[in-house]
Protein chains: 2
Amino acid sequence: MRNGPDIARIANLVGDPARANMLTALMDGGALTASELALEAGVTVQTASSHLSKLMEGGLLSLAAQGRHRYYGLANAQVASMLESIMGVAEAAGPQRVRPGPRDATMREARICYDHLAGDQAVAMLDGFLARNILTRDGDRIAMGEVGPSFFRAIGIEPDTLKKSRRPLCRACLDWSVRRSHLAGSLGAAIFDKIVAERWARREANSRAVVFSPTGRRAFEKTFFG
Amino acid sequence: MRNGPDIARIANLVGDPARANMLTALMDGGALTASELALEAGVTVQTASSHLSKLMEGGLLSLAAQGRHRYYGLANAQVASMLESIMGVAEAAGPQRVRPGPRDATMREARICYDHLAGDQAVAMLDGFLARNILTRDGDRIAMGEVGPSFFRAIGIEPDTLKKSRRPLCRACLDWSVRRSHLAGSLGAAIFDKIVAERWARREANSRAVVFSPTGRRAFEKTFFG
DNA sequence: CGCATAGTTCGATGCTAATCGAAGCATTCT
DNA sequence: AGAATGCTTCGATTAGCATCGAACTATGCG
């Protein structure tokens with residue numbers, strides 16, 4: 001069975017821990033400098049540079065140079081989707097926990113997925129948007145719905161400004177904890193910024209957990225679930 | 001970004017050529033003996049055995065022993081889906097073909113993915129089901145629609161029998177060739193069995209391609225697209 | 001039971017590739 | 001222009017792992 005794409009080559013690129021960490025850090029569609037990615041991977045800049053060169057050759061990354069800063073991002077959504085599917089298998093195959101702890105519940109409710117909200121609240125938010133035609137879904141694609149622009153303007157998020165960004169406005173990001181999507185893209189990031197600005201929730205130190213206060217949770221749900 | 005599933009571990013397992021070849025050989029949903037997989041991988045049986053042990057530990061394979069024969073298969077459809085997504089990236093990132101060959105078109109139209117149909121026809125079929133309320137989609141979940149049971153009974157597929165299976169009835173499986181979903185799960189498998197039983201299409205030897213005959217294609221489209 | 005076959009385990013071999021210090025190149029700032 | 005910063009390239013080191021011959025275990029057959 002030698003016909004077909006060379007999956008070993010691609011998988012091997014993801015199979016190194018440093019490279020995997022860098023790819024994971026880029027899963028939201030954003031971009032980071034080589035130095036930042038070195039920090040994410042926990043290796044020196046020179047090592048990161050070597051890895052990034054390999055990922056570029058493999059077609060997994062995109063590169064935008066701005067002066068001396070070189071911003072690497074994932075090549076496309078297909079790469080991100082592949083990473084998500086690997087995550088799904090890794091999660092299913094991972095060590096079984098004896099009993100879920102409090103951290104698990106917190107992470108399940110809400111956590112940061114790079115720069116946008118993930119977890120149960122994020123999934124419910126996207127579902128609510130779709131139910132109310134704020135966003136629409138066509139198969140695997142998400143777009144702004146009829147009442148979306150006015151909805152977001154009313155809460156202080158300006159869709160037209162976000163559209164100017166190089167990254168997609170809306171993107172479905174598979175939430176591996178529940179095998180459902182939450183909202184990524186520049187809109188997802190803006191929503192997270194709003195949550196933090198309103199102090200509805202805070203980031204936990206050294207963790208991706210996002211912890212809602214009781215009043216914050218109510219305000220979040222009132223705003224986004226109606 | 002150290003929290004979350006260990007994708008490097010899983011990807012590393014796929015990243016060895018011998019192991020990749022074995023996994024690919026199993027993507028048709030069947031099971032092969034260790035000796036057969038050694039042939040697929042082009043290594044000795046002892047090497048294959050070592051690799052298979054790693055894949056088992058990683059949770060990527062299932063094993064059924066029959067006497068001295070040990071049949072290895074993919075652990076589940078999720079693993080197959082992951083391999084599909086890696087293939088999609090590898091295909092896109094691979095050396096550009098000068099011109100698409102007949103094999104490419106065939107694979108794009110229809111191919112086996114684990115145990116259900118994939119490709120353009122499969123995507124169109126799922127879209128047709130959703131459009132006609134035979135199946136419904138709620139975010140990432142697909143369920144039987146109002147007119148589903150009677151539709152499938154009319155073509156000889158009994159949903160109640162399939163529901164008794166341990167696996168989900170319907171599941172969206174991302175089709176890497178077009179970045180849209182096709183139908184997996186026990187229903188997807190039953191539909192593929194029907195296609196083969198009706199001789200609308202046949203499996204190509206040593207390939208995952210599913211080749212429709214002209215009359216078979218018309219019957220398939222009449223049955224599933226209306 | 002002896003032989004054949006399927007498959008696993010052991011251990012030695014040698015190749016590969018991640019790693020980082022050093023050096024070099026490119027860009028920015030004062 | 002010189003210093004600072006971001007990043008790439010070079011080269012040496014060494015840990016890791018795929019590999020297969022040999023040995024062993026398990027199953028099937030006459």
Side-chain angles (χ1 to χ4, degrees), chain A residues 1-2 6-26 30-75 86, chain B residues 1-2 6-26 30-75 93:
Chain A
M1 187 62 83
R2 301 298 168 81
D6 184 2
I7 65 170
R9 188 173 68 94
I10 298 297
N12 190 267
L13 289 175
V14 185
D16 172 72
R19 290 200 289 272
N21 282 333
M22 287 192 273
L23 291 167
T24 305
L26 297 172
L32 293 173
T33 62
S35 303
E36 288 168 327
L37 287 169
L39 287 174
E40 288 289 342
V43 294
T44 62
V45 169
Q46 44 268 51
T47 303
S49 186
S50 170
H51 283 309
L52 290 168
S53 173
K54 288 183 166 66
L55 291 171
M56 285 295 296
E57 280 167 19
L60 298 190
L61 296 183
S62 65
L63 173 61
Q66 292 177 24
R68 62 192 176 186
H69 292 278
R70 297 168 74 81
Y71 288 93
Y72 292 89
L74 296 185
I86 299 174
Chain B
M1 190 62 86
R2 301 296 170 80
D6 184 1
I7 65 169
R9 187 173 69 93
I10 298 296
N12 190 267
L13 288 176
V14 184
D16 171 73
R19 290 198 291 272
N21 282 332
M22 287 193 274
L23 291 167
T24 305
L26 296 173
L32 295 172
T33 62
S35 303
E36 288 168 327
L37 288 169
L39 286 175
E40 289 288 344
V43 294
T44 62
V45 170
Q46 46 267 51
T47 302
S49 186
S50 172
H51 284 310
L52 290 168
S53 174
K54 288 184 165 75
L55 292 171
M56 284 295 297
E57 279 167 21
L60 299 189
L61 296 184
S62 65
L63 172 62
Q66 290 179 23
R68 63 191 175 184
H69 291 282
R70 297 169 73 80
Y71 288 93
Y72 291 90
L74 295 185

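Atoms considered below: every heavy atom in the structure, side chains included; atoms not considered: hydrogens, waters and symmetry mates. First the proteins, then the strands, lettered A, B, ... as listed; each starts at 1. If you're wondering where the values come from, they're calculated on a predicted model, not measured in any experiment.
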Using the 3.5 Å cut-off, write out each protein N or O paired with an N or O of nucleotides 27-30 of chain C and the distance between them.
unit_1, atom_1, unit_2, atom_2, d
dT27(C), O3', Arg68(A), N, 3.3
dT27(C), O2, Arg68(A), NH1, 3.4

Using nucleotides 16-19 of chain C, report all nitrogen or oxygen pairs with the protein that are shorter than 3.5 Å.
unit_1, atom_1, unit_2, atom_2, d
dA18(C), OP1, Arg19(A), NH1, 3.3
dA18(C), OP1, Arg19(A), NH2, 3.2
dA18(C), OP2, Lys54(A), NZ, 3.2
dT19(C), OP2, His51(A), NE2, 2.4

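Note on residues 30-39 of chain A: pairs passing side chain to side chain donor-acceptor pair (under 3.5 Å), not counting sequence neighbours, are Thr33(A)-Glu36(A).
Minimum interatomic distance between Ala41(B) and Ala18(B) (heavy atoms only, all atoms of both residues): CB-O, 3.5 Å. Closest non-hydrogen pair, Ala8(A) versus Ala20(B), comes out as CB-CB, 3.7 Å. Of all heavy-atom pairs spanning Ala93(B) and Gly59(A), the tightest one is CB-CA, 4.4 Å. Residues Leu63(B) and Arg70(B) share a closest heavy-atom pair of CD2-NH2, 3.2 Å. Residues Ile10(A) and Gly58(A) share a closest heavy-atom pair of CD1-O, 3.9 Å.
Comparing the start and finish of the helix from dC1(C)-dG30(D) to dT30(C)-dA1(D), five pairs each, the helix axis swings through 20°, to the nearest 10 degrees.
In this structure, Leu61(B) and Leu26(B) have side chains that are in contact, with non-hydrogen atoms separated by less than 4.5 Å. Contact check for Leu32(B) versus Tyr72(B): no side-chain heavy atoms found under the 4.5 Å cut-off. Contact check for Leu60(B) versus Leu13(B): side-chain heavy atoms found under the 4.5 Å cut-off.
When the P atom of dG7(C) is taken as reference, atom CE of Met22(B) falls 13 Å away, rounded to whole Å. Rounded to an integer number of Å, the gap from OH of Tyr71(B) to C1' of dG7(C) is 13 Å.
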Which side-chain N or O atoms in residues 49-56 of chain B pair as donor and acceptor under 3.5 Å with protein atoms at least two apart or in another chain?
unit_1, atom_1, unit_2, atom_2, d
His51(B), ND1, Arg19(B), NH1, 2.9

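Between the Thr47(A) side chain and the Val43(A) main chain, no donor and acceptor come within less than 3.5 Å of each other.
The footprint of chain B on DNA chain D, defined by a heavy-atom cutoff below 4.0 Å, extends from dA18(D) to dG28(D).
Residue Thr33(B) is classed as a sugar-phosphate contact, given heavy-atom separations below 4.0 Å to backbone atoms only.
One donor-acceptor pair, N or O on each side, does fall under 3.5 Å between the base of dG21(C) and the side chain of Gln46(A).
Rounding to the nearest 0.5 Å places CD1 of Ile7(B) at 11.5 Å from CG of Asn12(B). Note that CG of Asn21(B) and CG of Leu39(B) are 12.0 Å apart. Values are rounded to the nearest 0.5 Å.
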